[in-house]
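Scroll down for the structure; my scribbles are underneath it.
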There are 2 protein chains.
Amino acid sequence: MSKKITIYDIAKELNITAATVSRALNNNPKISKVTRQLVADTAAKMNYKQNKLALALKSGKSYNVGVIVPRLDSNFFASVIRGIEEELHPYGYHVIICQTRDDKNLEIENIDALLNAQVDGILMSISNVSTEQNESFERILKKNVPLIFFDRKANIDGVSTVTINDFQGAYEATKHLIAQGCKRIAHLSNNRLIEIFRDRYLGYKQAILDSGLEFDESIVIEAISNVEDGRKITKSLLELDNPPDAIFSSSDFTALGAIQEIKAHGLKIPEDICVAGFANEPFTKFMELAITSVDQSPLEMGKMTAKVFIEQINKKEIVKIEKKVVLNPKLIIRESSLKKQH
Amino acid sequence: MSKKITIYDIAKELNITAATVSRALNNNPKISKVTRQLVADTAAKMNYKQNKLALALKSGKSYNVGVIVPRLDSNFFASVIRGIEEELHPYGYHVIICQTRDDKNLEIENIDALLNAQVDGILMSISNVSTEQNESFERILKKNVPLIFFDRKANIDGVSTVTINDFQGAYEATKHLIAQGCKRIAHLSNNRLIEIFRDRYLGYKQAILDSGLEFDESIVIEAISNVEDGRKITKSLLELDNPPDAIFSSSDFTALGAIQEIKAHGLKIPEDICVAGFANEPFTKFMELAITSVDQSPLEMGKMTAKVFIEQINKKEIVKIEKKVVLNPKLIIRESSLKKQH
């Protein structure tokens, strides 16, 4: 790597002071036009790394916005990001993205990386292992960098959030399974310290209680959101003396694992067991046995998150804006849970 | 937003010069310990945004590496990114990601955004509409920021690349279709200005010529890599007087569209028409009718790309390292092309 060219190098080259170079580069009228031109030409010739960032710091804007998501290999987060980009682009903002892979340390490091990259705001969905007492969140706020949570949020005073009504989505999906005649519905949950997963669990539970069915905590099992865990847990459920007649999963990936395992056991879907997932990942539609799921309007979520950011960044005064946007989920009923007759 | 605190504010508060504040913050021994402590305490109290970046600029490192991909909603790029992260993390580097959505302007803007964020290197897969005469690539190189291409590359002197042997992957997939008895194999291509798509086309063509079959350019059709385009083009192919008996697609997404359309026409896969895709996206395995595809070892590609970057960043001298790593693809044969007997 060659040495970075500084204003001192330009000053030396022209035999003037660094202060003059700095003023000239900033178009300070105290410096003659001739000198300004000379400095500009020399800077260009020496391939001086024009510190747009320093200028950005003065204006207080880098026009980069950081987005942090738990994972990139899900269509849900990719769609939210697209929504954020589409909404922010007309304002001249660019989106730079980090993923936490649900690792708390990576989350902290990502926040630092984005703060060091001088982003104008951080829009994030917290990791599964994050807590509301996260120092990094406080550090963002202390630096007066707008912080907005989407989907997976922590509850912090003054921080706006954009979520969907996870309780409602889970409630409707479970009610639908009950309407299909299912009486013993297992739930593949996820880390319930995270509000979205807790709310899905609570929505599921409420639907069962409201329908006068027996609620059995022993068939609520925490899963990692992947196909393998879905298979493993479903296997244990199917081997019970009293196996479930439906599975409601808080993730489409575990729902897919459940379907694979149910078939491997020679059982029929939806006749023997109904399955419903959550997130409406594209593969749920592409399967030959399409999977019932809850759509979360990720594009809309991204756009709303971006809108809240724009509102916040344009406020001149120090006012705490705390906006809580809750979008409505939409149950998409497909073959995996739709019994033709019963 | 509150005003950003600068060294001038701290200087005013303490009634000393900004230069003294600056020196104190940089632990300059010319400044007394007492003053250094006073400045540090005041800076902390005023919540001064410690400009780690300015320090990073001095050392020449931000420890942020930019990764640019065409899209985030494919498992392939998500896996490459994971490989890059896993390999770079032990070196203290963080990865910040941008997507181009195959838009040339977005690609240029992303490069600018990452350069402004002072990344130590840019690892990228170019957009479909990019060209090798891209000024942005030149700008990266002029700033002595290491640039490495993976998967979709431009050929630029001194720029290292990590790719797979796309020709070989396409050749083997087509040879496999021919071995299944297929004689009229259509190809769903993509923008062949991009080397990977050109190479897949050439591999397909060579396999046909090597097998003594007739090569028919009219059943090579350019598609956008999505399900909808796969359906649309397959529809036109099936309506030909002389329809194909196999489809080799340069994308799994168009292959999926092809399968949907073939089924909609009441034809059987693989009996009537064989289908093979490219990339080994996870859904190809999850389908009830699993799709034959070419695996590109994305994790390995990411790790290799990161290794090439580490090699390059550690070179002190200005030497042009141009490393061309070519990984071997692997044909994964599944139901969509495997005729049991014929």
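We name chains A, B, ... by the order of the sequence lines, and we start the count at 1 in each one.
Counting heavy-atom pairs closer than 4.5 Å to chain B, the top-ranked of the candidates Phe77(A), Phe286(A), Phe283(A), Phe76(A) is Phe286(A). Listed options Leu256(B), Leu114(B), Val67(B) were ranked by heavy-atom pairs under 4.5 angstrom with chain A; first place goes to Leu256(B). For the options Gln99(B), Glu109(B), Met287(B), heavy-atom pairs under 4.5 Å to chain A are most numerous at Glu109(B). Listed options Arg71(A), Lys263(A), Arg82(A), Glu85(A) were ranked by heavy-atom pairs under 4.5 angstrom with chain B; first place goes to Glu85(A). When each of Asn75(A), Ile97(A), Ile96(A) is checked for heavy-atom pairs under 4.5 Å with chain B, Ile97(A) comes out on top.
The CG atom of Asn116(A) lies 9.5 Å from the NE2 atom of His94(B); values are rounded to the nearest 0.5 Å.
When side chains are defined from C-beta on, His89(A) counts as touching Leu106(B), because their heavy atoms get closer than 4.5 Å.
Judged by distance alone, with hydrogens and angles left aside, the side-chain atoms of Asp73(B) form no donor-acceptor pair with the main-chain N or O of Ala78(A) at under 3.5 Å.
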